[in-house]
Structure formats: C-alpha cells, structure tokens
Amino acid sequence: MSGDFLELCKRRQSVRRFTAEPVPDEALQQILEAARAAPSAGNLQAYEIVVVKDPQTRQKLAAASRGQGFVAQAPVVLVFLALPQASARVYGERGARLYSVQDATIACTCAMLAATSLGLATTWVGAFYDNEVMAAVGAGPHQVPVALLPVGHAGENPRRTSRRPLQNMIRVI
Ligand SMILES: Cc1cc2nc3c(=O)[nH]c(=O)nc-3n(C[C@H](O)[C@H](O)[C@H](O)COP(=O)(O)O)c2cc1C
C-alpha cells in the first residue's frame, strides 16, 4: 500500500457541517467513477446510486435520517441502493441478503475515499427509515437503501475519533 493511500484513510473523518459551496461536476464524476470501480460479487454490480442534488429531496432525506440536518446541508447526497434480486439470480438467498448489500457498501466506501482524496467532506449515514428514504428517491420495492453519503465542502474541523488498539481487533492464528 502506498503511503498516500494510508494517509488518505487516516485523513478521512466524518464531517457534519457543510458550506454552501457546490461540488464541482468533475469532482462528482470522479467520485462516481471510483464507486463504479469497486469490486462486486460475480461482478454483478448489484447496486444503484441515486445522486440527489434537489434541495427538497435532500430535506426529505434529512427527515428520513431522523432529522440529521447536515444531510440536507450537503450540496449532494449519494444514496446507495442494494439490488437483492440482481444478486439472487446468481447467488440465491446469500446474494440477496449479503452480497448485494456488500456491493453497495464497497461502492459507497470507494466514493467516500475518493471524495476525501479530492478535498471534499462526507459522513456515512446509516440511521434512517428505509421506507422514507425509498419514497424520497423513488426507489422500487426491490431497491434497498444501504447508505446515504452527503458530500460537500467541510464547514467544521471536528475532533478526531479514537480507535481500539490494533491488538484488540486482530487475532493472528
Ligand atoms: C454503518 C455506519 C452508519 C453510520 N451512521 C451514521 C449516522 O446515521 N449519522 C452520523 O452522524 N454518523 C454515522 N456514521 C459515522 C460514524 O459515526 C463515524 O464513522 C464514527 O463515529 C467514526 O468517526 P470518523 O468517521 O470521524 O472516523 C455511520 C458510520 C457507519 C460506518
């Protein structure tokens, strides 16, 4: 792993206040290309990304996220939807339950790190009411919301969060 990537992983942190400065289209395109480059089970890419710029829809997403106002403050919110049926066609129940969610999760991770590399701020948002997010973005019954990723320019410099010591996380056998 290059030192640059390690630094990028360590530099990323959740930002919950955004300025009004828009996300340039080229940056958004690069973030979406990074998501697209993510691995997926059987290369089925069993996920979709809804790019939400519309202010009213962002408000709905903030409400759906139990009133987390910063979701609406970000100029762009990426909504990652798993497509369980697409994965189930090849992998059955395991594809539906696990792989499609993992596909969406990895794509979101790649997008998040790409945003960091471009000097943009994000927070992974997982606390939301599925049905409200689905209604806000017009998702169908076979599209399962996995994560929201507000993207924008940082309007705060939050304190770093801590991590468990590595030796408490790993087990070498
Ligand atoms: C699956 C998942 C769900 C999360 N949901 C929320 C959320 O709903 N709201 C929020 O403010 N942060 C959320 N976070 C961000 C975490 O709180 C944050 O990553 C953690 O506290 C570590 O801080 P850091 O991101 O600054 O390193 C979530 C993160 C993950 C991975």
Side-chain angles (χ1 to χ4, degrees), residues 1 3-20 23 27 31-32 34-35 37-41 45-52 55 57-84 87 94 96-137 139 143-170:
M1 175 164 32
D4 285 355
F5 184 68
L6 187 58
E7 276 314 305
L8 177 69
C9 292
K10 291 186 171 179
R11 191 164 82 237
R12 185 217 57 80
Q13 62 180 147
S14 295
V15 169
R16 299 180 177 87
R17 184 181 294 271
F18 297 94
T19 70
V23 173
I31 291 167
L32 295 170
S40 63
Q45 303 151 61
Y47 66 92
E48 281 180 5
I49 308 168
V50 185
V51 180
V52 181
T57 309
R58 287 190 278 125
Q59 286 293 349
K60 286 182 190 166
L61 291 175
S65 311
R66 303 162 180 254
Q68 299 189 75
F70 65 86
V71 172
Q73 207 178 38
V76 179
V77 182
L78 303 180
V79 180
F80 290 81
L81 303 168
L83 305 177
S87 200
R94 189 170 175 82
R97 173 179 54 81
L98 183 61
Y99 294 165
S100 65
V101 175
Q102 290 181 331
D103 287 358
T105 302
I106 299 166
C108 185
T109 305
C110 290
M112 183 176 66
L113 290 173
T116 306
S117 80
L118 293 165
L120 294 164
T122 63
T123 285
W124 189 296
V125 173
F128 51 74
Y129 298 107
D130 289 7
N131 57 340
E132 292 186 22
V133 168
M134 290 167 72
V137 302
Q143 298 177 313
V144 178
V146 170
L148 311 183
L149 192 70
V151 182
H153 292 268
E156 64 168 359
N157 187 11
R159 247 194 307 150
R160 291 259 152 211
T161 53
S162 63
R163 294 294 185 268
R164 283 186 285 143
L166 196 54
Q167 66 264 28
N168 292 1
M169 294 181 164
I170 65 165

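Ligands are counted one by one from 1 in listed order, and the atoms in each one are counted from 1 as well.
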Under 4.0 Å from any heavy atom of Phe70, which atoms of ligand 1 are there? 11 (O)
Tabulate below the donor-acceptor pairs under 3.5 Å that side-chain atoms of residues 115-129 make, not counting sequence neighbours, or state none.
from	atom 1	to	atom 2	distance (Å)
Thr116	OG1	Met112	O	3.0
Ser117	OG	Ala114	O	2.7
Thr123	OG1	Val15	N	2.9
Thr123	OG1	Val15	O	2.8

Are any of the side-chain heavy atoms of Ile106 and Tyr47 separated by less than 4.5 Å? no
Strictly under 4.0 Å, does any heavy atom of Arg159 approach an atom of ligand 1? no
Nearest heavy-atom approach of Arg58 to Pro75 is NE-O, 3.5 Å
Just go through Ala127, Ser14, Cys9 and tell me whose heavy atom is the nearest to atom 8 (O) of ligand 1. Ala127
In ligand 1, which numbered atoms sit nearer than 4.0 Å to a non-hydrogen atom of Thr123? 10 (C), 11 (O), 12 (N)
Distance filter under 4.0 Å to Gly126 heavy atoms, resulting ligand 1 atoms: 3 (C), 4 (C), 5 (N), 6 (C), 7 (C), 8 (O)
Which of the ligand 1 atoms, numbered from 1, are nearer than 4.0 Å to a heavy atom of Gln13: 26 (O)
Measure the distances from the heavy atoms of Arg12 to every atom of ligand 1 and state whether one is below 4.0 angstrom. yes
Within the 4.0 Å heavy-atom shell around Gln68, which atoms of ligand 1 are there? 7 (C), 8 (O), 9 (N), 10 (C), 11 (O)
Report the nearest protein non-hydrogen atom to atom 14 (N) of ligand 1: residue, atom name, distance rounded to 0.1 Å. Trp124 O, 2.9 Å
Please check if a non-hydrogen protein atom sits closer than 4.0 Å to atom 20 (C) of ligand 1. no
Contacts of type salt bridge (charged side-chain N to carboxylate O under 4.0 Å, His left out), residue Arg11, not counting sequence neighbours: none
Taking the side chain as C-beta and beyond, is there a heavy-atom pair between Val144 and Ser100 under 4.5 Å? no
Could you tell me the residue and atom name of the protein heavy atom closest to atom 12 (N) of ligand 1, and the distance to it rounded to 0.1 Å? Arg16 NH2, 3.1 Å
Evaluate the side-chain proximity of Leu149 to Ile49: yes if any heavy-atom separation is below 4.5 Å, no if none is. no
Measuring from the heavy atoms of Phe128, does anything fall under 4.0 Å of ligand 1? no
Does Val133 reach the side chain of Gln143, with side-chain heavy atoms less than 4.5 Å apart? no
Give the residue and atom name of whichever protein heavy atom lies nearest to atom 23 (O) of ligand 1, and the separation in Å to one decimal. Thr161 OG1, 3.2 Å
The protein heavy atom nearest to atom 27 (O) of ligand 1 is Arg163 NH2, 2.8 Å
Return the minimal non-hydrogen interatomic distance between Leu148 and Leu61, and the atom names on each side. CD1-O, 4.3 Å
Do Val146 and Cys108 come close enough that some side-chain heavy atom pair is under 4.5 Å? no
